[in-house]
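None of these values were measured; they are calculated from a predicted model. Index from 1, following the sequence.
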Amino acid sequence: NLGQNLNTLLATDSTSFLKGLGLAFTKEGQRLALQAGTTTPTAIKSFVRKVDATSHFGESFLKYSGFLLSEKFLRRVSSNAGAEYAKRLFKIVSTGKEKQAQRASLLLKDFGVDVSAALSRGGLSQDDIISSAHILTEITQFKSRPMDLPAFATTSAGKVLFQFKSFAFQQGKFLKDHFKRDIKDKNYGGIVRDVMLVSLVFLL
């Protein structure tokens, strides 16, 4: 489960990830995650559904094995990394080169940020920061809704085949979408970095 920190690193950059990792241990970082709705009881129940551990035994196992604690920690990291990444992206939009600014602007829009309004204000609003924290967590930690799985997974046979496998499916989809976007944006430096990171994790 802790290996999912790789998703947060892939979806942001090393500086934002490391800042998010550090903030996850602070009261400020814990408060941001709660404000973003990523570590609330409802969000954690979503994780329980994700690993198909909805029975009393399954929930107890997740609790006493430390899985729930690690999931909360992952969500604090991704929330804070998302907030820090949004701030870095806005700085690029404000002061970066045209091509870099365009890509940063598109990424901010994916986080629900009204870039024009933010530029008029001269900075991101608190709502922008919370939205970025929430959306990045959803992207990197996944959901377990029926719409997040292929249609076949909702059939009787599909439910059997996909039992305990929703995470693997969504992890594969995350990597595919991530690299597909980098290729579309011609972000070749990012592709090289990400291939090296993913290769290192699989080797370990």
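Aromatic ring orientation, Phe73 versus Phe25: tilted (interplanar angle from 30° to 60°).
The two residues Ile92 and Ala104 make their nearest non-hydrogen contact at CG2-CB, 3.8 Å. Contact between Gln141 and Thr8 at its shortest, heavy atoms only, is NE2-OG1, 3.5 Å. Of all heavy-atom pairs between Asp128 and Ala118, the closest is OD2-CB, 4.4 Å. Closest non-hydrogen pair, Thr26 versus Leu23, comes out as OG1-O, 2.7 Å. Across all non-hydrogen atoms, the minimal contact from Thr140 to Ala11 is CG2-CB, 3.8 Å.
A donor-acceptor pair is defined here as one N or O able to donate and one able to accept, closer than 3.5 Å; such a pair exists between the side chain of Asn80 and the backbone of Gly29. Counting only distance, with no hydrogens or angles, the side chain of Ser105 and the backbone of Ala101 share no donor-acceptor pair below 3.5 Å. Side-chain N or O atoms of Thr38 include none that pairs as donor or acceptor with a backbone N or O of Thr137 at under 3.5 Å. A donor-acceptor contact shorter than 3.5 Å is absent between the side chain of Ser16 and the backbone of Asp13.
At least one side-chain heavy atom of Val77 sits under 4.5 Å from a side-chain heavy atom of Phe17. You'll find the side chain of Lys72 stays beyond 4.5 Å of the side chain of Gln30, heavy atoms only.
A distance of 10.5 Å separates CG of Leu136 from OG of Ser131, quoted to the nearest 0.5 Å. Atom-to-atom distance recorded for Ile129:CD1 and Tyr85:OH is 16.0 Å, nearest 0.5 angstrom. For the atom pair CG (Leu74) and CG (Asn7), the distance works out to 9.0 Å, reported to the nearest 0.5 Å. To the nearest 0.5 Å, the span separating CZ on Phe90 from CG on Leu119 amounts to 4.5 Å. The distance from the CG atom of Asp127 to the NE2 atom of His134 is 13.0 Å, given to the nearest 0.5 Å.
Environment of CD in Glu28: sparse, with no more than 12 heavy atoms of neighbouring residues, nucleotides or ligands closer than 6.0 Å.
Remark: Glu98 pairs with Gln102 by the side-chain contact (heavy atoms from CB on, under 4.5 Å) rule, at least two apart or across chains.
In the hydrophobic clustering of this structure, Val113 groups with Ile139; members are Ile, Leu, Val, Met, Phe, Trp, Tyr whose side-chain heavy atoms approach within less than 4.5 Å, directly or through other members. Leu32 and Leu18 fall within the same hydrophobic cluster, defined by Ile, Leu, Val, Met, Phe, Trp and Tyr side-chain heavy atoms under 4.5 Å apart, directly or through other members. Linking Ile, Leu, Val, Met, Phe, Trp and Tyr residues whenever their side-chain heavy atoms come within less than 4.5 Å leaves Leu106 and Leu10 in two separate clusters. Cluster annotation: Val93 and Leu89 are assigned to the same hydrophobic cluster (Ile/Leu/Val/Met/Phe/Trp/Tyr, side-chain heavy-atom contacts under 4.5 Å, transitive).
Ion pairing between a basic and an acidic side chain is recognised when a charged N comes within 4.0 Å of a carboxylate O; Arg75 and Glu71 show such pairing. Salt bridge annotation for Lys87-Glu84: present, with a cationic side-chain nitrogen under 4.0 angstrom from a carboxylate oxygen.
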